[in-house]
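Single-structure report; data block below.
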Amino acid sequence: MTEVATEAAVSASEIPPFRYTAELANRIEAQWQDYWEEHGTFQAPNPVGPLADPDHPRAGAPKLYVADMFPYPSGAGLHVGHPLGYIGTDSYCRYQRMIGRNVLHPMGFDAFGLPAEQYAVQTGTHPRKTTEENVERYRGQLRRLGLAYDDRRSIATTDVPFYRWTQWIFLQIFNSWYDRNAGGGAGKARPIAELIAEFESGTRPTPDGRAWSTLTDVERRKIVDDHRLAYVSEAPVNWCPGLGTVLANEEVTADGRSDRGNFPVFKRNLKQWMMRITAYGDRLIEDLESLDWPEPIKLMQRNWIGRSTGAHIDFPTSAGPVRVFTTRPDTVFGATYLVLAPEHELVEALAPKVWPADTRPAWTGGHDTPGEAISAYRKYAAAKTDEERIADAKEKTGVFTGAYATNPVNGAQIPVFVADYVLAGYGTGAIMAVPGQDERDWDFAEVFELPIIRTVQPSEGFDGKAYVGDGPAINSSSPQGFSLDGMGVVDAKKAIIEWLEANGHGAGATTYRLRDWLFSRQRYWGEPFPIVYDQTGLPVALPESMLPVELPEVEDFSPKTYDPDDADTDPETPLSRARDWVEVELDLGDGPKRYTRETNVMPQWAGSCWYELRYLDPTNDQAFVDPANERYWMGPQAADGDCGGVDLYVGGAEHAVLHLLYARFWHKVLFDLGHVSSFEPFRKLINQGYIQAYAYTDERGRYVPAEEVEERDGHFYYDGAEVRREYGKMGKSLRNVVTPDDMCAQYGADTFRVYEMSMGPLEVSRPWETRAVVGAQRFLQRVWRALVDEQTGASRVVDEPADEDTRRILHRVISGVRDDMEGLRFNTAIAKLIELANRITGMAGNGTPREVADPLVRMVSPFAPHVAEELWRRLGHEDTVAYVDFPVADPALLRVESVTYPVQVNGKVRGRIEVAADAEQDAVREAALAAVAETLAGREPRKVIVVPGRMVSVVV
RNA sequence: GCCCCGGUAGCCCAACGGUAGAGGCGACGCGCUCAAACCGCGUUCGGUGCGGGUUCGAGUCCCGCCCGGGGUACCA
């Protein structure tokens with residue numbers, strides 16, 4: 001390794017031949033990257049299996065498992081924003097390895113996805129080819145940054161040996177049901193065979209009460225299928241015949257057309273695979289308590305799941321009872337009307353032929369009959385785009401159905417409305433409106449001249465409209481003598497729910513905003529389902545022995561398209577046209593039969609729901625992970641309810657809800673079935689900030705290349721003309737992309753790493769400024785120069801001891817850097833290292849004492865590993881610096897002999913005293929009073945506060 | 001509208017409730033140099049978005065605003 005620098009001598013005569021330039025950095029970096037690869041330096045030993053290695057220096061050591069949210073390998077490659085988190089976790093892992101942990105830090109690729117498929121549709125290039133090329137490009141870019149991954153564990157979700165296990169997990173989920181009574185009341189997933197056994201033995205009644213033995217085979221299968229955690233259901237989706245596919249909400253424009261191609265999109269029910277995530281709603285909320293996650297992310301998950309507790313109440317009508325959900329059953333005496341969502345199924349049955357006699361003009365919307373009014377309103381509501389609904393939210397609209405309902409608690413006849421502020425998909429799609437205690441209901445009641453009854457006494461001085469606070473119930477007595485009056489909200493809720501249940505008018509209930517997860521996609525580039533259909537049309541799981549189900553080759557990657565306006569068409573997926581793959585003869589235990597394969601594929605989320613488990617045992621072909629390996633890396637650490645999981649998971653906040661919720665769900669299913677010992681996948685989570693960038697527009701508003709813009713006196717110029725500065729996401733369209741490749745070429749990977757880590761805390765978003773990178777380079781150059789003579793390449797390290805001051809600074813820095821590393825405060829750790837480097841730079845001529853050079857190199861190595869390796873070798877070591885001990889501060893050198901105390905009088909600094917560090921408080925007090933005697937001018941201090949080691953405050 | 005996060009020097013950022021400044025960028029000066037670059041040394045600049053409060057003491061805690069960023073969409 002030492003011969004590297006000799007070649008540097010030939011270039012640019014003015015630069016000292018052995019200066020740490022970008023060119024030299026690049027050479028060092030390439031050599032050490034090769035070294036690490038050849039030596040498998042960052043391979044982490046497993047307890048068991050082929051990746052076990054009892055001779056490894058960290059075999060059996062306390063473990064640390066750190067993971068990054070893996071990237072989708074897009075065609076554009078990485079820009080400088082992507083590696084921020086990766087460099088952070090890498091620096092952290094390198095530090096942890098040096099303090100003795102067995103560190104697992106893998107990286108993989110979320111490689112299924114739409115862009116490769118769309119590219120295939122356009123060009124005919126197989127998505128696998130595009131994907132693999134992109135993965136290779138990413139691997140190269142990441143390697144160039146010196147990230148210390150265990151490369152034996154690099155997986156891509158598109159690898160057949162990987163998705164074989166994705167399919168296996170799907171089968172586990174398909175072959176399970178959620179038993180609400182198991183798991184000590186919280187419920188848990190159990191094998192479907194146990195459910196069937198309960199039906200067979202009669203311990204569990206069938207839904208309609210008939211004996212299991214009298215049911216046909218198909219009837220039995222349907223009952224069982226209704227319990228599965230993965231099931232087929234009709235689900236409303238955005239069907240786009242013009243594209244032949246179902247679209248995600250974000251692919252549909254505000255006016256109900258496809259983003260791509262501008263075709264009409266129809267809301268339609270289609271047969272889809274669903275995952276019963278709602279069964280886990282409670283546990284997904286409650287187990288958040290055990291997670292070390294940012295509070296905002298937990299909050300977002302709680303809100304997304306949206307558990308609300310309250311009651312269902314039935315309001316009798318001529319068309320049967322209307323069931324409403326309310327969180328405030330205690331206010332039922334104040335329910336002065338009902339509101340149904342426009343799509344509610346009872347709306348038509350409720351509406352009479354003509355308006356009742358006392359219908360107010362405001363209620364009819366100007367229509368002659370309830371039927372006309374309702375159909376007009378439905379049309380109006382359906383035509384509104386989401387954006388319009390948001391804009392109109394303040395304006396309450398609706399129409400009277402012409403029908404009345406009976407308030408079960410007091411017999412009052414109350415009108416029934418339809419209005420779009422009630423959503424079909426939430427609760428029961430119907431509410432009891434209590435304007436006295438709900439702002440939206442109040443607004444609606446004002447527009448439609450409906451009565452308002454307060455049933456909670458507002459607090460003193462309240463002058464608003466709806467009162468949503470606590471207070472005693474009023475106006476809440478029924479003619480039959482039942483009363484809530486005087487009770488607080490909590491007691492009144494309890495009392496009314498008891499009354500509803502006792503009298504058959506309703507029951508306490510909990511609802512969730514969370515819905516079951518739509519799990520199928522009409523695409524090609526995803527995991528095939530391990531499912532076939534028999535003659536009955538019901539799904540049949542393939543046995544484990546038939547995995548993997550590999551994607552077949554197809555002629556055409558695009559789905560069949562239709563007349564864009566023909567809503568009555570059905571998706572025909574790319575797989576469905578591979579007829580000799582779809583039609584298959586199999587022996588599933590009862591002789592060879594004909595089956596039809598499922599032709600949907602899984603969504604991109606599937607692979608990311610469990611990849612953190614596969615890193616643990618990537619070569620295992622007997623299990624998705626060996627239990628011993630899972631227990632070691634992810635198992636619970638403490639006896640008292642630790643959830644286990646990845647020790648540190650770092651990624652962007654944009655995955656706060658979907659990815660993190662889906663992955664938690666899958667993990668909990670695997671936990672319930674006994675496949676993993678941890679009940680959460682990610683114990684600690686950090687969201688890294690985004691790196692944003694300035695962009696510049698010229699006078700015509702066009703973006704100009706940001707890197708060619710010059711700044712003069714606070715103004716910006718491009719090609720001589722002044723341009724305007726904006727701030728935004730880094731991207732092609734803003735012409736402000738900076739790539740890590742450019743930074744490496746220009747400065748070297750170590751400089752780039754140090755810069756990204758020093759520019760602020762990991763969690764904070766900040767603007768990129770290439771101009772400032774040079775600071776990091778100067779720092780590394782000073783470190784280099786402290787150890788290597790720039791003119792001769794000779795060592796500048798001497799064996800003389802350091803002076804006392806330098807030694808104290810060194811140990812203070814060691815202590816501080818350790819604290820910062822533990823707390824992931826890389827920016828302040830680097831600041832301390834710069835301080836130390838600046839100190840020894842100042843000592844100049846006499847050489848750098850080994851006792852400083854050695855720990856400095858060790859401490860720099862997590863951030864700038866290549867140059868640290870090179871310098872470590874120059875210090876005379878044969879091996880990598882990766883496994884040497886991180887320096888430990890000598891407590892004796894951290895002690896200070898004397899302390900300067902500022903002395904405040906009434907909050908203003910009036911003097912200073914210098915006292916011994918171990919001085920008694922009384923002595924400090926006396927010295928302080930003496931120091932400010934002049935200011936005190938004889939006044940007697942009322943109070944003297946001595947803050948040990950900090951300051952003295954005198955109050956007069 | 002609601003919920004989060006943030007506002008400290010020209011810029012990026014530090015600061016257990018204890019003298020507002022660790023580090024970097026920029027600018028300026030000095031040294032080195034024929035001169036410059038590089039390098040080294042040094043200097044500059046704010047009282048912490050605004051208004052109250054708690055406290056001996058507030059950038060830090062509390063209340064009310066303002067500005068910027070993110071999330072969300074009438075959730076009964």
Side-chain angles (χ1 to χ4, degrees), chain A residues 14-16 19 21 294-300 303-304 306-308 310 324-329 331 339 386-387 389-390 392-394 396 419-423 425-434 437-441 443-444 511-513 653-654 656-657 687 689-690 692 711 713-714 727 754-755 758-761 763-776 778-779 781-782 785 790 816 825 827-835 837-838 841-842 844 900-909 912 941-956:
Chain A
E14 301 181 26
I15 300 170
R19 171 161 294 172
T21 58
E295 210 45 53
I297 301 291
K298 290 190 186 183
L299 196 64
M300 284 166 78
N303 292 342
W304 187 265
R307 177 166 65 184
S308 26
V324 306
F325 176 74
T326 176
T327 56
R328 293 295 303 277
T331 63
V339 184
D386 285 353
E387 279 175 5
R389 284 187 126 177
I390 295 159
D392 298 348
K394 283 262 143 53
K396 289 285 177 285
D420 66 356
Y421 82 96
V422 173
L423 307 178
Y426 185 77
T428 61
I431 63 156
M432 66 175 200
V434 187
Q437 275 80 228
D438 185 285
E439 282 161 15
R440 293 154 304 173
D441 296 345
D443 292 344
F444 190 86
T511 62
Y512 301 86
R513 180 183 177 277
E654 69 272 22
V657 180
N687 294 120
Y690 300 107
Q692 293 175 299
E711 181 183 357
D713 312 322
Y727 184 56
V754 168
Y755 176 64
S758 68
M759 59 198 289
E763 298 91 328
V764 172
S765 295
R766 64 211 96 148
W768 178 261
E769 196 181 5
T770 298
R771 190 173 69 165
V773 177
V774 68
R778 287 179 193 153
F779 160 58
Q781 281 175 342
R782 282 198 291 270
R785 201 179 304 127
E790 287 191 327
R825 294 184 299 270
N827 52 327
T828 50
I830 290 173
K832 291 178 176 79
L833 292 172
I834 291 173
E835 225 177 316
N838 290 351
T841 299
T900 304
Y901 282 79
V903 184
Q904 291 184 354
V905 178
N906 287 347
K908 291 209 161 43
V909 178
R912 279 167 221 282
R942 271 199 298 141
K943 206 167 174 185
V944 180
I945 297 147
V946 178
V947 186
R950 287 287 179 180
M951 56 125 48
V952 180
S953 185
V954 180
V955 190
V956 293

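Proteins get letters first, then strands, A, B, ... in listed order; numbering begins at 1 in each.
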Practice item. Taking all heavy atoms of A:Pro329 and all of A:Gly310, pick out the closest pair and write down the distance. Key: CD-CA, 4.4 Å
Practice item. Write down the distance separating the C1' atoms in B:rU8 and B:rG59, rounded off to the nearest Å. Key: 7 Å
Check your understanding: Taking the same atom, P, in B:rG49 and in B:rC11, what whole-Å distance lies between them?
Key -> 13 Å
Exercise for review: Compute whether any side-chain donor of one residue and acceptor of the other, for A:Asp441 and A:Tyr421, lie under 3.5 angstrom apart.
Suggested key: yes
Point to revise | Between B:rG18 (P) and A:Ile945 (CD1): distance, integer Å | key: 13 Å
Practice item. Answer with base, sugar-phosphate or nothing: what part of the nucleic acid does A:Pro761 contact at a heavy-atom distance below 4.0 Å? Key: sugar-phosphate
Practice item. Indicate, with a heavy-atom threshold strictly under 4.0 Å, whether A:Arg942 touches base, sugar-phosphate, or nothing. Key: nothing
Practice item. From the options B:rU19, B:rG26, B:rG24, select the nucleotide whose nearest atom is closest to the side chain of A:Val774. Key: B:rG26
Check your understanding: Does A:Asn827 put a side-chain nitrogen or oxygen below 4.0 Å from OP1 or OP2 of B:rC12?
Key -> no
Review point. In whole angstroms, how far is the C1' atom of B:rA37 from the CZ atom of A:Arg19?
Key: 10 Å
Review point. Distance check: side-chain N/O of A:Arg778 vs OP1/OP2 of B:rG40, anything under 4.0 Å?
Key: no
Check your understanding: Between atom CG in A:Asn906 and atom P in B:rG18, what is the gap in whole Å?
Key -> 20 Å
Review point. Hey, does the side chain of A:Arg440 come within less than 4.0 Å of B:rG1's phosphate (OP1/OP2), counting only N and O?
Key: no
Review point. CZ of A:Arg328 versus P of B:rC75: gap in Å, rounded?
Key: 14 Å
Check your understanding: Where the side chain of A:Arg766 meets the backbone of A:Pro761, is there a donor-acceptor pair that is under 3.5 Å apart?
Key -> yes
Review point. Does a distance-only test, which skips hydrogens and angles, find a donor-acceptor pair under 3.5 Å between the side chain of A:Arg950 and the base of B:rU19?
Key: no
Review point. Watson-Crick or G-U wobble partner for B:rC34, using a 3.5 Å limit on both distances?
Key: none
Review point. Under a 3.5 Å cut-off for both distances, is B:rC25 Watson-Crick or wobble paired, and to whom?
Key: B:rG10
Check your understanding: If you look at every strand shown and take non-hydrogen atoms under 4.0 Å, does A:Val952 touch a base, only sugar-phosphate, or nothing?
Key -> nothing
Exercise for review: Answer yes or no: does a side-chain N or O of A:Asn303 lie under 4.0 Å from OP1 or OP2 of B:rC2?
Suggested key: no
Practice item. With RNA chain B as reference, determine whether A:Arg825 or A:Val947 sits nearer its 5' end, using the nearest nucleotide of each. Key: A:Arg825
Review point. Given side chains that start at C-beta, do those of A:Tyr755 and A:Glu769 come closer than 4.5 Å, heavy atoms only?
Key: yes
Practice item. Considering only atom C1', compute the distance from B:rG46 to B:rA14 and round it to an integer number of Å. Key: 15 Å
Review point. Side chain of A:Val955: nearest nucleotide among B:rA22, B:rC56, B:rC25?
Key: B:rC56
Review point. Which is true for A:Ser953 with a 4.0 Å heavy-atom rule: it touches a base, it touches only sugar-phosphate, or it touches nothing?
Key: base
Practice item. Assign each of A:Leu299 and A:Phe325 to its nearest nucleotide of RNA chain B by heavy atoms, then name whichever residue's nucleotide is nearer the 5' end. Key: A:Leu299
Check your understanding: Given the P atoms of B:rC65 and B:rC25, what is the spacing between them in whole Å?
Key -> 42 Å
Review point. Which nucleotide in the set B:rG23, B:rA73, B:rC56 lies at the smallest distance from any side-chain heavy atom of A:Arg513?
Key: B:rA73
Check your understanding: Between B:rC56 and A:Lys943, is there an OP1 or OP2 to side-chain N/O distance shorter than 4.0 Å?
Key -> yes
**Study point:** Pair partner, B:rG68 [Watson-Crick or wobble, under 3.5 Å]
**Key:** B:rC5
Review point. Using the C1' atom in both, what is the distance from B:rC45 to B:rG53, to the nearest Å?
Key: 32 Å
Check your understanding: A:Glu763 near the nucleic acid: base, sugar-phosphate alone, or nothing, with a heavy-atom cut-off under 4.0 Å?
Key -> nothing
**Study point:** Separation between the P atoms of B:rC50 and B:rC41, rounded to whole Å
**Key:** 36 Å
Review point. Which heavy atom of A:Ser758 sits nearest a heavy atom of A:Asn827, and at what distance?
Key: O-CB, 3.7 Å
Check your understanding: Any idea which heavy atoms bring A:Tyr901 and A:Val947 closest together, and the distance?
Key -> CE2-O, 3.5 Å
Check your understanding: NA contact type, A:Met300, heavy-atom cut-off 4.0 Å: base, sugar-phosphate, or nothing?
Key -> sugar-phosphate
Review point. Is A:Arg782 touching bases, backbone alone, or none of the nucleic acid, heavy atoms closer than 4.0 Å?
Key: sugar-phosphate
Review point. What is the distance from CE of A:Met951 to C1' of B:rU19, rounded to the nearest Å?
Key: 6 Å
Check your understanding: Where does B:rG57 land, syn or anti, given syn is within 90° of 0?
Key -> anti
Practice item. Grab the CD1-P distance between A:Ile431 and B:rC75 for me, whole Å please. Key: 10 Å
Exercise for review: Any strand is fair game: report the nucleotide pairing with B:rG46 by Watson-Crick or G-U wobble, both distances under 3.5 Å, or none.
Suggested key: none
Practice item. Record whether the side chain of A:Asp443 comes under 3.5 Å of the base of B:rC74 through a donor-acceptor pair of N or O atoms. Key: no
Review point. Which atom pair, heavy atoms only, marks the closest approach of A:Val903 to A:Val954?
Key: CG1-CG2, 4.2 Å
Practice item. For B:rG18, take OP1 and OP2 only and decide whether either is under 4.0 Å from a side-chain N or O of A:Gln904. Key: no
Point to revise | Approximate separation, where rounding is to 0.5 Å, of A:Glu790 CD and A:Gln781 CD | key: 7.0 Å
Exercise for review: Write down the distance between CZ (A:Arg766) and P (B:rC25), rounded to a whole number of angstrom.
Suggested key: 17 Å
Revision key, fill the gap. Rounded to whole Å, the NZ-P distance (A:Lys832 to B:rA15) equals 8 Å
**Study point:** Inter-residue atom distance A:Arg825.CZ - A:Glu763.CD, 0.5 Å rounding
**Key:** 10.5 Å
Point to revise | B:rU54 and B:rG40, which share atom name C1', separated by this distance in whole Å | key: 50 Å
**Study point:** Separation between the C1' atoms of B:rG69 and B:rG64, rounded to whole Å
**Key:** 22 Å
